[in-house]
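Residue numbers begin at 1 in each chain, while the letters A, B, ... track the order of the sequences.
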Amino acid sequence: MHYYNEEDLTRFGEIGKARPDLFEKFMAWYQACQEDGALSKREKALIGLAVSVVVQCPYCIDAYTQSSLENGSNIEQMTEAMHLASAIRGGASLIHGIQSHNAHDKISM
Amino acid sequence: MIKSLPIIEQESPARAAVGFDEKLARHNLELRAASVDVLQVNVGKLCNQACKHCHVDASPKRTEIMSVETAEQILATVRRFKIPTLDITGGAPELNASFRRLVSESRAAGTRVIVRHNLTVMFEPGQADLPEFFRDNRVEVVSSLPYFLQAQTDAQRGQGVFDKSIEALRRLNSVGYGTEDGLVLNLVYNPTGAFLPAAQTALEADFKREMKTRYDVLFNNLFTITNMPIKRFLGYLRRSGNEERYMQKLLDAFNPATVENLMCRNLISVDWTGKLYDCDFNQMLDLSVEENMPQIIAEFNPEKLNDRRIVTGAHCFGCTAGGGSSCGGAVADYSSFHLDVTS
Ligand code: SF4
Ligand code: SF4
């Protein structure tokens, strides 16, 4: 038994069994975000992939890997997007080191 | 040349959760032919390549190849019925002894000729003048290039294929293909795995930009083609545990707007022995045209064939997914495509 099952991705709609009104609102928003707009579907799929890796959601990683490929991206482009997102995540952690330095300085002579 | 070939067992056909005809019926649709504008002739399975996704199972070791007699019957049909378009495929059709005669005689009869040219065959013995031959006969050249990068292309088509393909494209450009009016060079993209192709217009723009800046190669149109769940690609889906998921993906992406323009509505496919089929995929699955129809090229009769019912199977979902897929690429605008929820 795993906590994550691949098949559960296709069961996402079951969340809507309870409070379907909320799920419908979520789905309308979610799908509208995917459409071609000022950004292309391909750019959006790469953003989706980068965010998925950072939030470490296996379902989203699977889905956005496929949708990146299906929107014409290749593995180099996908990997660059994932590196950028991960680097921002690393940087976002590291800059909190300033908090530590501040705290250190505050109590140090 | 490759050393070993995938062994193709007599495999069971791909399965989908819903039958293709049943799916059409749910949308009040039925698949019938409209006319025979294109005669698509598969002159045999001999090829200088052995690509991983090949639906023909073509390779250098195959011996099934069209005879001179059958090629003459094709020509007689083209002349007698004034066939608008002859589409020649294989294998590598250029390796058939009747190939050049089929092309030049059909052109002389006023027929438009399309050749499915794999590019690398140009480097086989006796084939170096193919660009000039194509140009002199105003042949429309359609060539596969799965991707504009070497790694993805070689992974599907074999080691060294990408570099040779680029060289061949440059030669075609140098005689005017892709650069002069009337010398049409179209490329075919198909996904390098168990996923659907990107929208044709978006991908064409990428290919045009990358092919020009990276390799100084020009071409006219990019056709996006879905990998059909038959033969070698079906074998790959099964070995990699992707069959069920891929079939469901095709089914979920069913787009009723593609049905009107499916290529089987306007073509007849002929195999190397002269037998007739609704399309090249059905040919590979041995699904010949409806029983009460002419079965061989010698009996060809467009009046009878025009309104025939198309023989279908689960593989047909490959033609109706998303923007659709045909030998001429996508058949419906992606904007008319919404996820189908009636399955
Ligand atoms: S070049 Fe075409 S016919 Fe030859 S093996 Fe590859 S896909 Fe098949
Ligand atoms: S596989 Fe052949 S018969 Fe089936 S829909 Fe496609 S073109 Fe038509």
Task: Contacts of type ring pair (Phe, Tyr, Trp, His ring centres under 6.0 Å), residue B:His55, not counting sequence neighbours - done: B:Phe281
TODO: Tell me the residues of residues 52-64 of chain A whose non-hydrogen atoms fall below 4.5 Å from those of chain B, in number order.
DONE: A:Asp62
- [ ] Measure distances from A:Ser67 to the heavy atoms of chain B and classify the residue's part below 4.5 Å as side chain, backbone, both or neither.
- [x] neither
Open item on the list: I need the residue from B:Asp206, B:Thr192, B:Leu149, B:Leu203 with the largest number of non-hydrogen atom pairs under 4.5 Å to chain A.
Closed with: B:Asp206
Open item on the list: Tell me whether the NZ or CZ atom of B:Lys208 lies within the 45° cone about the ring axis of B:Phe219 and under 6.0 Å from its centre.
Closed with: yes
In residues 99-109 of chain A, what donor-acceptor pairs under 3.5 Å come from side-chain atoms, sequence neighbours left out?
unit_1, atom_1, unit_2, atom_2, d
A:His104, NE2, A:Ser108, OG, 3.4
A:Ser108, OG, A:His104, O, 2.5

Open item on the list: Please identify which of these residues, B:Phe162, B:Phe207, B:Phe148, meets the ring pair (Phe, Tyr, Trp, His ring centres under 6.0 Å) condition with B:Tyr215.
Closed with: B:Phe162
Task: Note: A:Glu7-A:Arg11 ion pair, threshold 4.0 Å (strictly below) - done: no
TODO: Answer yes if the ring centres of A:Phe23 and A:Phe12 are under 6.0 angstrom apart, and no otherwise.
DONE: yes
- [ ] Side chain from CB out, backbone as N, CA, C, O: work out which of these in A:Asp36 comes under 4.5 Å of a heavy atom of chain B, or both, or neither.
- [x] neither
Task: Contact origin within A:Glu35 toward chain B - heavy atom pairs under 4.5 Å - done: neither
- [ ] Please collect all salt bridge (charged side-chain N to carboxylate O under 4.0 Å, His left out) contacts where either partner lies in residues 73-102 of chain A, sequence neighbours excluded, each pair once.
- [x] none
Open item on the list: Determine whether the aromatic ring centres of residues B:Phe20 and B:Phe317 are separated by less than 6.0 angstrom.
Closed with: yes
